[in-house]
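To start, the structure under review is shown below, and the notes come after it.
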There are 2 protein chains.
Amino acid sequence: MVEAIEEKNKKNASYVISSVDRAAHMLLVLAESPDSGVTELAEATQNTKSLTFRLLHTLERRGLVRKDPERRTYTLGYRALLLGDQSRRQSRLISTADPILAELSQITRENALLLVREDQKAICIAIHESPEPLRIFAAVGRLGPLHAGGGPKVLLAHAPEEVQQSVISGALEAFTEDSISDGDALMETLDQIKADGHVVSVGELDPNIFSVAAPVRDHTGAVIAALAVNGPTARLAEGTLDNVRSAVLTSATKLSQMLGGQ
Amino acid sequence: MVEAIEEKNKKNASYVISSVDRAAHMLLVLAESPDSGVTELAEATQNTKSLTFRLLHTLERRGLVRKDPERRTYTLGYRALLLGDQSRRQSRLISTADPILAELSQITRENALLLVREDQKAICIAIHESPEPLRIFAAVGRLGPLHAGGGPKVLLAHAPEEVQQSVISGALEAFTEDSISDGDALMETLDQIKADGHVVSVGELDPNIFSVAAPVRDHTGAVIAALAVNGPTARLAEGTLDNVRSAVLTSATKLSQMLGGQ
DNA sequence: AACACTGTTTCGGCTACTGAAACCAAAAGG
DNA sequence: CCTTTTGGTTTCAGTAGCCGAAACAGTGTT
């Protein structure tokens, strides 16, 4: 499997321009660890200090990175706001999902999320947060595994077979006791998800979090996203689960229709 | 002489990695013109097709760019959401201003904006939109001139002298009939703004838009941002202007206090 | 005052970036 | 249905400019 990855890398590597790749990587690292210095970032990205300094300098000129002149420390720049905002605006999926997520989070009083698959990762592309003071923290744009959690498993269940195989044959990290770390068990779950049209996942990524998710389809019927609700298991009483489940399902079909309609 | 040349070299080319710079530029261009093809972007960025293709390919691998496989067209990727979101979260200025902007837009029923200066440009870093159906479109993260509009002029008025000189001696583009395109007149206005502690600007960037702005100061008393309200001039009745003005002023001082407090 | 630490600058070698041009695939047009 | 055009992908060789190493310069610390 390492071979496969290397093969793939080699195949694509010809068109990757490495300094740009490193710059992109550094931006993403900086997003996760703000207020870092040159040395710190150099270590985090495995680059030399010189290169790190030059990358930061270059990105700063474009406003994507901001330097605190006193503390000698770097943060994402304001120009990055444009990228995030425009990315959101440019996505038809996000804009049509937005009101549905708002409604869903209001009905269930929990976080409502929209996720898509990117290669072998899940990425959350929109959130409406629970109105309750106790709620799960979730950030837009962050990558997560495909084999754990409600939304991710829905995405994996409807992913092309080669992706499923690749994920299953990889290391299935166990985040909690209830994580699925066995390939066969995972495959069964995926079949179940396809049969049920939704999934309820409890404590897979974090012991105190549950999530209910259902697939979102485009006009061809292909699954392009997962709609999910997550919240603290403490709030998961008997009756509420059914309510959440049906709310998620109706929201997902409604969103699918809106996407297919036009 | 020699110094000047050295200075110029230092500022222009010294530590900039050109491929990274071009990549950053391309991302920003892509943000403004989504769904573009390789050729189109190559023209827009003045790069060759090959380079454009390779840049896009590289950025795509990092999720910052997304390719529509059917239409052969590129858009910002979902990973850009992370950059925008984290940039917002990481800014103390934005997070403290947010509730104030919300309140201000609710009181005035117009857009409430927060702007900062970046080099010789103004950039809007936060917006709360008017609840009215008719409202000014404004995007976060976009750059604008310093010499036209309420917020920008406040920023320019409190900018270091070299910035003022540089802006004034440059080409003062006239966007409307009411734009200030004369250097001396602009300088007078700036003095007036500093004396008044706020500014009312009507029809400078667009004939149908007014704006009221006031400076935001940090704990040292330095002006670090401008708080502004803008809306359609059609809604600018006699009495309302005073209300808007006082709302902006109280909001700006409140924000300054909150920033200075800690 | 010496030290430790991080950010900045220099410099030569040589990688890997670059532009030009060929090559394809798909759409437009006749 | 063939031709033309347009736009995306791939190849290739030359050398621009990237890169790491190491010296240097600030800043805070013991």
Side-chain angles (χ1 to χ4, degrees), chain A residues 6-27 29-30 33-62 64-77, chain B residues 2-27 29-30 33-62 64-77:
Chain A
E6 278 182 4
E7 280 276 317
K8 202 173 182 184
N9 279 344
K10 266 178 196 167
K11 197 178 178 184
N12 295 339
S14 32
Y15 300 119
V16 172
I17 114 181
S18 60
S19 44
V20 172
D21 193 57
R22 278 181 266 209
H25 181 55
M26 153 148 287
L27 265 183
V29 167
L30 191 58
S33 55
D35 298 309
S36 304
V38 172
T39 310
E40 203 174 343
L41 284 168
E43 278 168 17
T45 55
Q46 301 277 37
N47 289 325
T48 60
K49 268 203 303 180
S50 333
L51 178 59
T52 305
F53 175 70
R54 281 183 286 236
L55 288 175
L56 288 168
H57 182 82
T58 306
L59 294 170
E60 189 194 356
R61 274 169 53 100
R62 288 288 178 187
L64 292 175
V65 154
R66 193 156 38 99
K67 171 163 62 173
D68 183 332
E70 295 181 14
R71 301 198 298 139
R72 305 259 162 109
T73 182
Y74 290 85
T75 318
L76 285 182
Chain B
V2 175
E3 266 185 15
I5 292 171
E6 277 177 1
E7 282 258 327
K8 202 174 183 185
N9 280 342
K10 269 178 193 170
K11 278 194 177 172
N12 284 344
S14 45
Y15 298 118
V16 175
I17 299 173
S18 59
S19 45
V20 171
D21 193 57
R22 278 182 264 211
H25 181 55
M26 153 147 287
L27 266 182
V29 167
L30 190 59
S33 55
D35 298 308
S36 304
V38 172
T39 310
E40 203 174 342
L41 285 168
E43 277 168 17
T45 56
Q46 300 277 36
N47 290 325
T48 59
K49 269 203 301 183
S50 335
L51 178 58
T52 305
F53 174 71
R54 281 182 289 238
L55 288 174
L56 288 168
H57 182 82
T58 306
L59 294 170
E60 189 195 356
R61 274 169 55 99
R62 289 287 178 188
L64 292 176
V65 154
R66 192 156 39 100
K67 171 163 64 173
D68 182 332
E70 295 182 14
R71 302 197 296 140
R72 307 261 161 107
T73 181
Y74 291 85
T75 317
L76 285 181

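The analysis underlying the following values was restricted to heavy atoms, covering all of them including side chains, and did not include hydrogens, waters or symmetry mates. Letters go in sequence order (proteins before strands), and every chain restarts at 1.
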Open item on the list: If I take atom CG from residue B/L76 and atom CG from residue B/L64, how far apart are they, to the nearest 0.5 angstrom?
Closed with: 8.5 Å
Task: Nearest-angstrom distance from the residue atom CG of A/D21 to C1' of C/dT15 - done: 16 Å
Open item on the list: Check the phosphate of D/dC19 against A/R22, side-chain N and O only, distance under 4.0 Å to OP1 or OP2. Yes or no?
Closed with: yes
- [ ] For B/V38 and for B/R54, locate the closest nucleotide of DNA chain D by heavy-atom distance; then report the residue assigned to the nucleotide nearer the 5' terminus.
- [x] B/V38
Open item on the list: Between C1' on D/dG8 and CD on B/E60, what's the gap in Å once rounded to a whole number?
Closed with: 13 Å
Task: Side-chain N or O of A/K67 closer than 4.0 Å to phosphate OP1/OP2 of C/dT8 - done: yes
- [ ] For A/R62 and A/T58, run side-chain contact (heavy atoms from CB on, under 4.5 Å): C-alpha distance rounded to whole Å, both residues' side-chain angles, the deciding distance at 0.1 Å, then the answer.
- [x] CA-CA 7 Å; A/R62 288 288 178 187; A/T58 306; 5.8 Å; no
Open item on the list: Tell me the interatomic distance from A/F53, atom CZ, to D/dG20, atom P, rounded to whole angstroms.
Closed with: 15 Å
Open item on the list: I need the CD-C1' distance between B/Q46 and C/dT18, as an integer number of Å.
Closed with: 16 Å
Open item on the list: What is the distance, to the nearest angstrom, from the CE atom on B/M26 to the P atom on C/dT18?
Closed with: 12 Å
Task: Phosphate contact (D/dA21 OP1 or OP2) by A/T48 side-chain N/O below 4.0 Å - done: no
- [ ] Compare side-chain N and O positions of A/S19 against OP1 and OP2 of C/dA16 and report whether any pair is under 4.0 Å apart.
- [x] no
Open item on the list: Looking at B/S18, I'd like to know whether one of its side-chain N or O atoms comes within less than 4.0 Å of OP1 or OP2 on D/dC18.
Closed with: yes
Task: Interatomic distance, A/L51 CG vs C/dA16 P [rounded to whole Å] - done: 12 Å
Task: Check: A/D35 and A/D68 side chains under 4.5 Å, non-hydrogen atoms - done: no
- [ ] Starting at atom CD of B/E70, determine the distance to atom C1' of C/dA25, rounded to an integer number of angstrom.
- [x] 16 Å
TODO: Would you kindly compare A/S36 and B/L55 by the position of their nearest DNA chain C nucleotide and give the one closer to the 5′ end?
DONE: A/S36
Task: Protein-nucleotide distance (B/N47, atom CG; D/dT9, atom P), rounded to Å - done: 16 Å
TODO: Starting at CG of B/L59, measure out to CG of B/L27 and round the result to the nearest 0.5 Å.
DONE: 5.0 Å
Task: Phosphate-side-chain proximity, A/R72 and D/dT27, N/O vs OP1/OP2 below 4.0 Å - done: yes
- [ ] Identify which nucleotide among D/dG20, C/dT18, C/dT6 has an atom closest to any side-chain atom of A/T39, counting heavy atoms from C-beta outward.
- [x] C/dT6
- [ ] Could you tell me whether the side chain of B/K49 has a donor or acceptor atom within less than 3.5 Å of a complementary atom in the base of C/dG19?
- [x] no
Open item on the list: Please confirm whether the shortest side-chain N or O distance from B/Y15 to OP1 or OP2 of C/dT10 is below 4.0 Å.
Closed with: yes
Open item on the list: How long is the straight-line distance from CE of B/M26 back to CG of B/L51, given to the nearest 0.5 Å?
Closed with: 7.5 Å
